[in-house]
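These notes are about the structure you will find just below.
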Amino acid sequence: MRNGGRISAAIDVLRDVLERHQPIKVAMRDWGKRARYAGSTDRAWVSGLVLDALRRRNSAAHHMGHGDARALVLGTLSIAWGWNARDIEQACYDDHGPTPLTNDERSRLIMAPDPAAPLHAQGDYPEWMTPYMQRVFGPDMVIEAQAMAVRADVDLRVNTLKSDAEKAALPLKSVKAEPSKLLVNAYHIPARDPTMREDSIEGIPAFSRGWVEVQDAGSQIAAAAANARPDEQVMDYCAGGGGKTLALAAQMEGKGQIHAYDIDGKRLSALIPRLKRSGAHNVQLVHPSEGNSLEPLVGQMDLVFVDAPCTGTGTWRRRPDSKWRIKPAQLEKRIQDQREILQAASTYVKPGGRLLYATCSFLIEEDEDRVAEFLAGAPEFVERDAAEAAVASGALTAHGASVVRKFRGPTGSVRLTPRRAGTDGFFFALLERRV
């Protein structure tokens, strides 16, 4: 396909996402069925442009004076991909290209980005979230938000039950992985140019053998702060797909017991093949529909890990469509969920045990506020230094330790962001139940 046809395809796919409210994967799949002639490079090019248009939705709309699919795609080519107006106009005359530029489009594509644009347009976040962004980031909110509007890197956790960083180095060369700057047993794959097809991690032998797992570095650092130890009794209270469960199992060297609990049986069942691949044999899946009860575990856990359901603001780089779906009512619902989950999970912590509360959100309302509210009603718990716990685990490099300590809050909790640490947005706090 020539670039004009690819641009037209991106406009069509984005229109399905915006107007028909289709998930990106569904819209791309439907387009692929209609465009059997499109090769893997074409699909990567179209997908990359659609995702970047969603990442830069506000700034592209402000630049072009309109927020429809065509305006967003053309604006993204200009402000994010660096195309000049002449190149864009030439692509419009390709076979199957979009209709020629209007005079207004042409003049806007020539203009430099507006330095006086509204903050939510500069930062590419929903306008209603401005006070929330100001609360957490203050004067840095625009540059913090801009760092969330780019393509995300890929992080790999080396599964120490089967391998180590040195052993995994050679097979990971095929996907251009580099040793992590933050973690000892981890690798990092820099984000590709959006027009390029990404290498398939699942297709390399190191993945199928269970040597590595895809897991964001921020998530790995939160797991390190939990510092699960061999022979402990551990509960992953909102286990989901099991990324944290597998990280905790590796920390425990396959010893002790992990109870992976989630109310979503479908998500929890996805952990089964991952467990087999990882070689973790100390994990028990717990789902209420199967008659499993957590009652015998009350007050018995050395560690309870709570990766609480949240708005997912920290994952905007990877899921840019979710950025525009979040509404105030959804935030309020998540806050109530977090209150209930934190209270319920705390009952399983034994005296002297630990509770690690984490979210993939950067919002104080889902993070520090929830911890402070919980502690106010649970005098038996006290907050500990999560940054130092992560460092003490031995999982961090010297640079990683420096980053975590730098972004430790006044109570010991840690907030990581793409700008601060090169990770997804992630928050974690460590609580201890006093004897």
Test item: L331 and E366 side chains (from C-beta on) under 4.5 Å apart, heavy atoms: yes
Min side-chain heavy-atom separation V214-R157 under 4.5 Å: no
Sole residue of K255, Q251, R354 in side-chain hydrogen bond (donor to acceptor under 3.5 Å, both in side chains) with E232: R354
Test: R55 cationic atom under 6.0 Å from W316 six-membered ring centre, within 45° of axis: no
Lys/Arg N to Asp/Glu carboxylate O, E373 vs R339, below 4.0 Å: yes
Nearest heavy atoms of S78 and H63, plus distance in Å: OG-NE2, 3.9 Å
Y237 versus V304, closest heavy-atom pair with distance: CB-CG1, 4.2 Å
Value rounded to 0.5 Å, distance of CG in D193 from CZ in R151: 7.5 Å
Closest non-hydrogen atom pair, A228 against M252: CB-CG, 3.6 Å
Minimum side-chain heavy-atom gap F407-R415 below 4.5 Å: no
L356 side chain reached by F428 side chain, heavy atoms, under 4.5 Å: yes
Where A308 and Q338 come nearest, the two heavy atoms and their spacing: CB-CG, 4.0 Å
D216 and R318 ion-paired at < 4.0 Å: yes
R433 to S346 - nearest heavy-atom pair and separation: NH1-O, 4.5 Å
Donor-acceptor contact present, side-chain D153 to main-chain A191, <3.5 Å: yes
Close aromatic pair by centroid cut-off 6.0 Å: W45 and W81: yes
Validation row, ring centre F362 to ring centre F137 under 6.0 Å: yes
Option passing salt bridge (Lys or Arg N to Asp or Glu O under 4.0 Å) with K244 (candidates D236, D262, D307): D307
Residues R57, D124: salt bridge by 4.0 Å N-O rule: no
Pair E380 + R434, salt bridge at N-O below 4.0 Å: no
NZ/NE/NH1/NH2 to OD/OE distance under 4.0 Å, R420 and E144: yes
Lys/Arg N to Asp/Glu carboxylate O, D164 vs K167, below 4.0 Å: no
Over-ring placement of R277 relative to F207, 6.0 Å and 45° cut-offs: yes
Basic-acidic side-chain contact under 4.0 Å: R20, D30: no
Ion pair D302/K350, N-O distance below 4.0 Å: yes
Backbone N/O of A149 and side chain of R56: donor-acceptor pair under 3.5 Å: no
Distance (rounded to the nearest 0.5 Å) between S413 OG and L431 CG: 9.5 Å
For S180 against L183, the heavy-atom pair lying closest together: OG-N, 3.1 Å
4.5 Å side-chain heavy-atom contact, V414 and L416: yes
Rounded distance (nearest 0.5 Å) linking atom CD of Q220 with atom CD of E213: 10.0 Å
F381-F374 aromatic ring centre distance below 6.0 Å: yes
R405/E388 ion pair, N-O < 4.0 Å: yes
